[in-house]
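We name chains A, B, ... by the order of the sequence lines, and we start the count at 1 in each one. What you see below is based on every heavy atom in this structure, not just the backbone, and it leaves out hydrogens, waters and symmetry mates.
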Protein chains: 2
Amino acid sequence: MSAAESFASARSIGHDAWIGAARMSFAEGKEIYAQDEDADLIYRVIRGAVRTSHLLADGRRQIGDFYYEGEVFGLELSSAHRFSAEALTSCEIAMIRRSSPASGRDVQVDRLMWAAAGSELARAQSHMLLLGRTTAAEKVARFLLDVQARCSGDAAILPMSRQDMADYLGLTIETVSRMLSRFQSEGLIRFAGARRFNVVRPTSLAASAAF
Amino acid sequence: MSAAESFASARSIGHDAWIGAARMSFAEGKEIYAQDEDADLIYRVIRGAVRTSHLLADGRRQIGDFYYEGEVFGLELSSAHRFSAEALTSCEIAMIRRSSPASGRDVQVDRLMWAAAGSELARAQSHMLLLGRTTAAEKVARFLLDVQARCSGDAAILPMSRQDMADYLGLTIETVSRMLSRFQSEGLIRFAGARRFNVVRPTSLAASAAF
DNA sequence: CGATCGATTGATTCCAATCAACGTGAGTGG
DNA sequence: CCACTCACGTTGATTGGAATCAATCGATCG
């Protein structure tokens with residue numbers, strides 16, 4: 001199963017469980033849940049975008065993932081969150097209480113949790129492959145393709161800062177910026193402002209991603 | 001939940017489900033299941049050690065994880081395996097068929113699968129943090145501490161080759177070797193052969209791991 | 001005893017981090 | 001409206017650490 005398929009299933013399976021779920025709005029930058037906080041809710045992005053991140057003792061930060069409209073996050077299958085979640089943009093979040101695993105009480109929620117768990121695992125595995133053994137150019141190219149694949153409009157939007165991208169990819173902001181400039185100068189992509197871009201030559205960009 | 005706790009729960013929860021499960025032996029280097037193969041079994045290491053790996057189109061390889069006695073692997077919550085599994089040493093593996101998710105049919109197996117899923121997710125997230133934002137020294141130090149924590153005897157054993165370690169950490173064999181030599185020359189560890197070591201100064205080694 | 005594979009060590013290169021400066025755009029207040 | 005600020009982003013110069021290229025060592029096996 002590709003990451004994209006996994007996201008799709010997380011969107012569709014157990015959809016009914018979200019009907020009538022509690023909703024909350026978060027302003028840009030606000031924390032949705034904290035690292036080490038109890039994890040007894042699961043969340044779904046109704047509108048906006050979310051990042052999960054893990055802060056190390058020395059101040060370094062690893063971004064877990066980015067979540068867009070319709071995607072489910074916050075399921076970590078352990079008692080406490082290893083990552084915190086913050087609103088990248090102003091956003092609206094639905095949340096439901098997770099039933100105890102495999103209790104069989106609420107089949108709807110159980111199915112949702114399995115789909116979410118599968119999605120999370122697929123994401124983490126893809127992310128591992130990305131972080132593990134690639135050059136900066138490959139990382140950035142793959143990231144751009146991923147973002148573009150999940151954007152519906154004619155232009156892809158980057159709801160996150162360069163620092164977020166860097167922390168996601170295990171690079172510095174300078175390197176991310178250089179790669180973006182390089183791809184643009186090579187005519188692979190075109191930016192309209194810092195957070196809005198089009199992929200001009202998808203095949204060449206995919207070749208840079210080299211998977 | 002730490003990675004260690006997660007491993008522990010994977011060992012204990014749903015233990016009964018493994019009683020009477022089918023068993024197979026694999027010689028060193030043999031494949032247990034292949035990348036892209038259907039994933040309808042889950043596995044448990046009875047004796048020996050296993051690695052999971054993902055081969056990229058250009059021949060690069062990412063090691064998913066290493067599994068020791070009592071640990072469960074092969075659960076990926078998708079229809080096909082994204083990683084293959086190989087026997088690191090001669091080993092004995094128990095395997096059971098996974099019930100369809102949250103079917104409620106076999107509570108024992110369901111519970112086991114939840115525990116395994118949680119364990120896998122925790123592993124993947126830890127691995128992400130390791131790969132993402134650390135120096136070669138930090139990676140190797142942390143790896144040694146992880147291995148030692150899971151070894152019962154007085155000396156820790158490395159069932160995998162330097163190449164396996166390198167592919168796990170996203171480094172080259174030369175760099176791994178250099179770090180090991182450095183730690184030994186600094187008196188943090190002592191090797192007895194290439195695959196057997198003791199941690200002499202755990203605190204200093206943990207300081208090198210810097211988490 | 002070679003032969004062979006895995007591991008170590010050394011020399012050099014190269015890519016990304018770091019250090020530093022500059023640009024840009026949104027918001028603020030005079 | 002414009003000057004100012006401030007955060008974010010880009011670009012440039014230099015450094016440093018890991019990869020690469022290359023040679024040697026060591027252990028296991030026929």
Side-chain angles (χ1 to χ4, degrees), chain A residues 27-29 51 58-63 86 88-90 130-144 157-186 189-197 208 210, chain B residues 27-29 51 58-63 86 88-90 130-144 157-186 189-197 208 210:
Chain A
E28 182 183 331
R51 71 158 181 256
D58 59 2
R60 286 177 300 186
R61 190 180 66 153
Q62 175 68 47
I63 300 288
E86 296 92 23
L88 276 173
T89 64
S90 156
L130 187 61
L131 287 169
R133 195 160 274 284
T134 49
T135 64
E138 289 173 340
K139 288 177 177 178
V140 174
R142 238 185 99 69
F143 181 76
L144 292 176
I157 304 289
L158 296 169
M160 72 294 287
S161 69
R162 295 291 188 270
Q163 187 65 63
D164 289 331
M165 289 175 59
D167 288 344
Y168 178 78
L169 298 171
L171 299 171
T172 59
I173 46 172
E174 293 96 329
T175 301
V176 169
S177 187
R178 272 183 247 277
M179 292 304 136
L180 294 177
S181 301
R182 193 177 109 191
F183 289 147
Q184 185 161 226
S185 78
E186 290 171 352
I189 56 175
R190 190 197 321 280
F191 267 87
R195 304 260 182 124
R196 203 182 179 79
F197 72 96
S208 291
Chain B
E28 183 181 331
R51 71 158 181 256
D58 60 1
R60 286 176 301 184
R61 191 180 65 150
Q62 174 68 47
I63 301 288
E86 296 93 21
L88 276 173
T89 63
S90 156
L130 188 61
L131 288 169
R133 195 161 272 287
T134 50
T135 64
E138 289 173 339
K139 288 177 177 177
V140 174
R142 238 185 100 69
F143 180 76
L144 292 176
I157 305 289
L158 294 169
M160 73 293 290
S161 69
R162 294 291 187 268
Q163 187 65 63
D164 288 332
M165 289 175 57
D167 288 344
Y168 178 77
L169 297 171
L171 299 170
T172 59
I173 46 173
E174 292 96 329
T175 301
V176 169
S177 187
R178 273 183 246 277
M179 293 303 137
L180 294 177
S181 300
R182 192 176 110 190
F183 289 148
Q184 185 160 227
S185 78
E186 290 171 351
I189 57 175
R190 189 197 324 279
F191 267 87
R195 303 261 182 126
R196 202 182 180 78
F197 71 97
S208 292

By side-chain contact (heavy atoms from CB on, under 4.5 Å), A/Ile157 pairs with (sequence neighbours left out) A/Arg196
Listed by chain and number, what are the side chain to side chain donor-acceptor pair (under 3.5 Å) partners of B/Ser177, not counting sequence neighbours?
none
Protein-nucleotide distance (A/Met160, atom CE; D/dG9, atom C1'), rounded to Å:
16 Å
When rounded to whole Å, the CZ to C1' distance for the pair A/Arg162 and C/dG25 reads 13 Å
Using side-chain contact (heavy atoms from CB on, under 4.5 Å) as the criterion, list what pairs up with A/Gln163, not counting sequence neighbours.
A/Arg61, A/Ser161, A/Ala166, A/Asp167, A/Ile173
Measure the distance from CG on A/Asp167 to P on C/dA17 and round it to the nearest whole Å.
11 Å
Going by heavy atoms in the side chains, are B/Leu158 and B/Asp164 under 4.5 Å from each other?
no
What string of B, S and - do you get for nucleotides 11-30 of chain D, 5' to 3', if B is base contact, S is sugar-phosphate-only contact and - is no contact with any protein heavy atom under 4.0 Å?
BBB----SSBB---------
Send over the distance from A/Met165 CE to D/dC8 C1', rounded to a whole Å.
13 Å
Mind checking whether B/Val176 and B/Tyr168 have side chains closer than 4.5 Å, heavy atoms only?
no
Please report, rounded to the nearest Å, how far the P atom of C/dT8 is from the CD atom of B/Gln184.
9 Å
Across all chains, not counting sequence neighbours, the side-chain contact (heavy atoms from CB on, under 4.5 Å) partners of A/Ala137 are A/Thr135, A/Met179, A/Arg182, A/Phe183
Whole-Å distance separating the CZ atom of A/Arg196 from the P atom of C/dA26
13 Å
What is the distance, rounded to the nearest whole Å, between atom CG of A/Leu180 and atom P of D/dG9?
10 Å
In whole angstroms, how far is the C1' atom of D/dT10 from the CZ atom of A/Arg195?
14 Å
